[in-house]
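In what follows, chains carry the letters A, B, and so on, assigned in the order in which the sequence lines appear, proteins first and then strands, with residues in each chain numbered from 1.
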There are 4 protein chains.
Amino acid sequence: MRVFARFSYSHSDHKIVARKPPTKPRKNASQQRSRATVDALIEATARILVKEGFEKASTNRIAEVAGVSVGSLYQYFPSKEAIVAAVIGRHNEEVMGLVRTALAEVAGLPIDKAVRKLVAVAIEAHRINPKLHRVLAEQIPRTGQLAEVEAFNREVHTLVRTYLESRRNEMRKVDIDLAAFICVSAIESVAHNTVLNHAEMLTEKMVKVLVDETTRMVVGYLR
Amino acid sequence: MRVFARFSYSHSDHKIVARKPPTKPRKNASQQRSRATVDALIEATARILVKEGFEKASTNRIAEVAGVSVGSLYQYFPSKEAIVAAVIGRHNEEVMGLVRTALAEVAGLPIDKAVRKLVAVAIEAHRINPKLHRVLAEQIPRTGQLAEVEAFNREVHTLVRTYLESRRNEMRKVDIDLAAFICVSAIESVAHNTVLNHAEMLTEKMVKVLVDETTRMVVGYLR
Amino acid sequence: MRVFARFSYSHSDHKIVARKPPTKPRKNASQQRSRATVDALIEATARILVKEGFEKASTNRIAEVAGVSVGSLYQYFPSKEAIVAAVIGRHNEEVMGLVRTALAEVAGLPIDKAVRKLVAVAIEAHRINPKLHRVLAEQIPRTGQLAEVEAFNREVHTLVRTYLESRRNEMRKVDIDLAAFICVSAIESVAHNTVLNHAEMLTEKMVKVLVDETTRMVVGYLR
Amino acid sequence: MRVFARFSYSHSDHKIVARKPPTKPRKNASQQRSRATVDALIEATARILVKEGFEKASTNRIAEVAGVSVGSLYQYFPSKEAIVAAVIGRHNEEVMGLVRTALAEVAGLPIDKAVRKLVAVAIEAHRINPKLHRVLAEQIPRTGQLAEVEAFNREVHTLVRTYLESRRNEMRKVDIDLAAFICVSAIESVAHNTVLNHAEMLTEKMVKVLVDETTRMVVGYLR
DNA sequence: CATGAATGAGGTTTCATTCAT
DNA sequence: GATGAATGAAACCTCATTCAT
């Protein structure tokens, strides 16, 4: 659900455009050993990001935590940005897994069931790793990952839009794109604020109530 | 409207808690000359943040753009964080002006009029300086301004909650805090996504439609 | 007693000789007000040196503690070194007062009485302000005060030497300069180590014992 | 012989206690290349300290003189203080070598022979590198090396005390600790003043005379 | 004379990145 | 491929000193 939506605003019109360091992985890491190293590096980065914050995530520290040398890091990632980008990518994939599954399951369901499911999955997605989510969200503009996040957002929008179209007969007359935009925004926002601001004291009871209420709002809006 | 709501999630449980640099201004800058310098510094910082991004906002560069020496910067701000905090503070005040005024005006109005106003002001607030808003939002966790932003959020929540209480007779039976949370989230989110993702191609027509739709959603939810 | 003796070793053969900043007071400060300001500055410097250490003794801080502006500081002292030099001068005068008085009193006395007096006065001199003494001692090479300290040392040496000459009949056959050097070294050293290393737990009883022992050593040496 | 005795007075009751920068070496530098770099850095620091003074010993300058980059300096030393501490450590070791050897050799000897040896070694220790000795002595309080120097002093005191105890039958009745304190102070002081104030014009003849006289004083005192 | 805002050289330290081994 | 020592630009910040008011 536009998980990183709020960061998709382009920074590209900076007067001084710094040459962005390369961000594509250097090799396919097809070999097993390589793959393990790459994973260790990504995992180490994620862990540092979560536990110590972005400032502490130096390449040397990442390599150290991953148990390899800096040299090896640069064997697989051309720059620091690239490794952060990989972490973003991995997190995105996890989130996308949830979202795509949910949207597939929802296909034939009536609007109220469907929305409830989407709200639930949005909260679930934010709960995968709230802190990582947050740190990554902050770092996206720096890592030149805007494009990928936009793509992600567009995909969500399209999926929701497609679903809504298939249910047009249950809905009042409304521009489908607009409705999708508003629904996605509202759902994502409630999920985001719920999880990021109240993560620690979130009971299942409270989650249920929030899902109920948000569903009511969105369904009420669509019908 | 919880303008920075999504950044109030606490980072305080980092394993390694870095000593936050001081963020309170060093002098009151009551004299005229001082005041001008301080203003120039804040203004320069805002400009750099918007045009060149956070990375370029080094203290030397800020001083240079402000047309003063680094020494002067440190005469008034004890750290780099402090000056970013000041920019946040200034921006917050502007936003707060709008929000408080709107909430005052709304006091006696029925829910539909009130919500429309709130939606409109949320969008307006985001349009004051969308790019600055965005960069600041990203930097808030770094500047130790979370507390102030939380206070801001709480104030908005309380004001909205108070308004809703006064209109309980127009509303269905619902927990007021919950309703306030959901409304504020939804409104803020639409405003945020609207402005930050589509700032350049935003016509007044579109804004009107968005206000209409969001109002419909929120009002439908409350009644 | 060669109170700063160990710092009189010349640094003047540094390969790169920095232009020493001027150290002579700018004006005679004859007026009353001026005198008060100068005193306040010297006193503030001494206090900071003692309580916060040399690193904290910036000119701005000195002026602040003295309750005047930095500008005023520079009205009376041409450089930071100059004000530290003034503090050294003031402390030296105090010490010198004690030492000269003691040497005058001692003039007609036999060696054992005289030495006892000198040892006592050496300890007393170190106890005037042990911490200030220590900090100043460290700073002397930096302040270009070596010459003055040398003069101070020479004066002490000469006074002691003169005394010893007058008592040659009580002494064994020995080079007077050599004897003076050794006596002054020994006395000063005991006083220095006693006070600086054990200042806090120094009882009058202990001082007496130390005076007894040192006197015994020196007198035994001379006879 | 309490080579740095006069600097062991504690500064720890400063009102404002600055966080001391870390002073322990960062790596063991077991590899060859590392070792060479570390040595070059320590050597460069010592050289600058001696030839240009403490003020000129900036980290950049040290690195430059050592022929490495600043980065390398910080690879091995966590702060500027740490490298000065290392220089102190190295110098201390040299001095300690002499002192320990002398005290071992002296073990079975009668007091007069032993004292002569100790006086001689004290002067010898000061002559290893008088200028370095001096600069380091001044810098010890700044480098948080007080503890180590105290330990050094205590060791010397204990060794001397132990020797004196073994020779009690040759001595008059006197508190052994007190006697050790006074002897060590006197010997160290003569050595210090002799070498630091007259280093350049010190003939072997003069040294011999000084050793004779100091020995006479100390032995006379003990018997 | 006094004030204190302003200056800016220079100090310490970090960290992404390279490259000899 | 892997290692980790080395690099050095650049960031933050201090403080002695000046000078307009």
>> Once you apply a heavy-atom cut-off of 4.0 Å, does C:Ser58 come out as touching a base, just sugar-phosphate, or nothing?
In response: sugar-phosphate
>> Under 3.5 Å for both donor-acceptor distances, Watson-Crick or wobble: does F:dC19 have a partner, and if so which one?
In response: E:dG4
> In the strands shown, is E:dA9 matched to any nucleotide by a Watson-Crick or G-U wobble pair with both distances under 3.5 Å, and which?
Replying inline: F:dT14
>> If the cut-off is 4.0 Å, is B:Ser72 near the phosphate of E:dA5, judged by side-chain N/O to OP1 or OP2?
In response: no
> Between atom NZ in B:Lys80 and atom C1' in F:dT14, what is the gap in whole Å?
Replying inline: 18 Å
> Taking only side-chain nitrogens and oxygens of B:Ser34, does any of them come within less than 4.0 Å of OP1 or OP2 of E:dG4?
Replying inline: no
> Between C:Leu41 (CG) and E:dA2 (P), how many Å, whole number?
Replying inline: 10 Å
> Where the side chain of B:Val70 is concerned, which of F:dA6, E:dG8, F:dA16 is the nearest nucleotide?
Replying inline: E:dG8
>> Would you say that A:Lys51 contacts A:Lys56 through its side chain, given a criterion of any heavy-atom pair below 4.5 Å between the two side chains?
In response: no
> Does OP1 or OP2 of F:dG8 have a side-chain N or O of D:Ser69 closer than 4.0 Å?
Replying inline: no
>> Could you tell me how far apart D:Lys56 (NZ) and E:dT12 (P) are, to the nearest whole angstrom?
In response: 12 Å
>> To check you understand the geometry: which heavy-atom pair defines the closest contact between C:Ile42 and C:Ala86, and what is its length?
In response: CD1-CB, 3.8 Å
> With a non-hydrogen cut-off below 4.0 angstrom, is A:Glu64 in contact with a base, only sugar-phosphate, or nothing?
Replying inline: nothing
> For F:dC13, does OP1 or OP2 lie under 4.0 Å from any side-chain N or O of B:Thr59?
Replying inline: no
> Closest nucleotide of DNA chain F for B:Gly71 versus for B:Glu55: which of these residues is on the 5' side?
Replying inline: B:Glu55
> Taking atom P of E:dT12 as reference, at what distance in whole Å does atom CZ of D:Arg61 sit?
Replying inline: 13 Å
> How many Å lie between CG on B:Leu73 and P on F:dC15, as a whole number?
Replying inline: 16 Å
>> Rounded to whole Å, please give me the gap between CZ in A:Phe77 and P in E:dC15.
In response: 20 Å
> Considering only heavy atoms from C-beta outward, does the side chain of B:Leu132 approach that of B:Val87 to under 4.5 Å?
Replying inline: yes
>> I need the CD1-C1' distance between C:Ile62 and E:dT3, as an integer number of Å.
In response: 18 Å
>> Could you report the tightest heavy-atom contact between D:Ser72 and D:Leu41, atom names first, then the distance?
In response: O-CD1, 4.2 Å
> Between B:Ile83 (CD1) and F:dC13 (C1'), how many Å, whole number?
Replying inline: 14 Å
>> Checking contacts here: which listed nucleotide (E:dC15, F:dC13, E:dT18) is nearest the side-chain heavy atoms of A:Tyr74?
In response: E:dT18
>> I want to confirm an ordering. Mapping A:Val68 and A:Asn60 to their closest nucleotides on DNA chain F, which one lands closer to the 5' end?
In response: A:Val68
> Is the distance from OP1 or OP2 of E:dA5 to the nearest side-chain N or O of B:Thr37 less than 4.0 Å?
Replying inline: no
>> Counting only side-chain heavy atoms from C-beta out, which of F:dT3, E:dT13, F:dT7 sits nearest to D:Gln75?
In response: F:dT7
>> Can you give me the closest heavy-atom contact between B:Ile48 and B:Ile62, atom names plus distance?
In response: CD1-CA, 3.7 Å
> Under a 4.5 Å cut-off applied to non-hydrogen side-chain atoms, are D:Ile83 and D:Thr59 in contact?
Replying inline: no
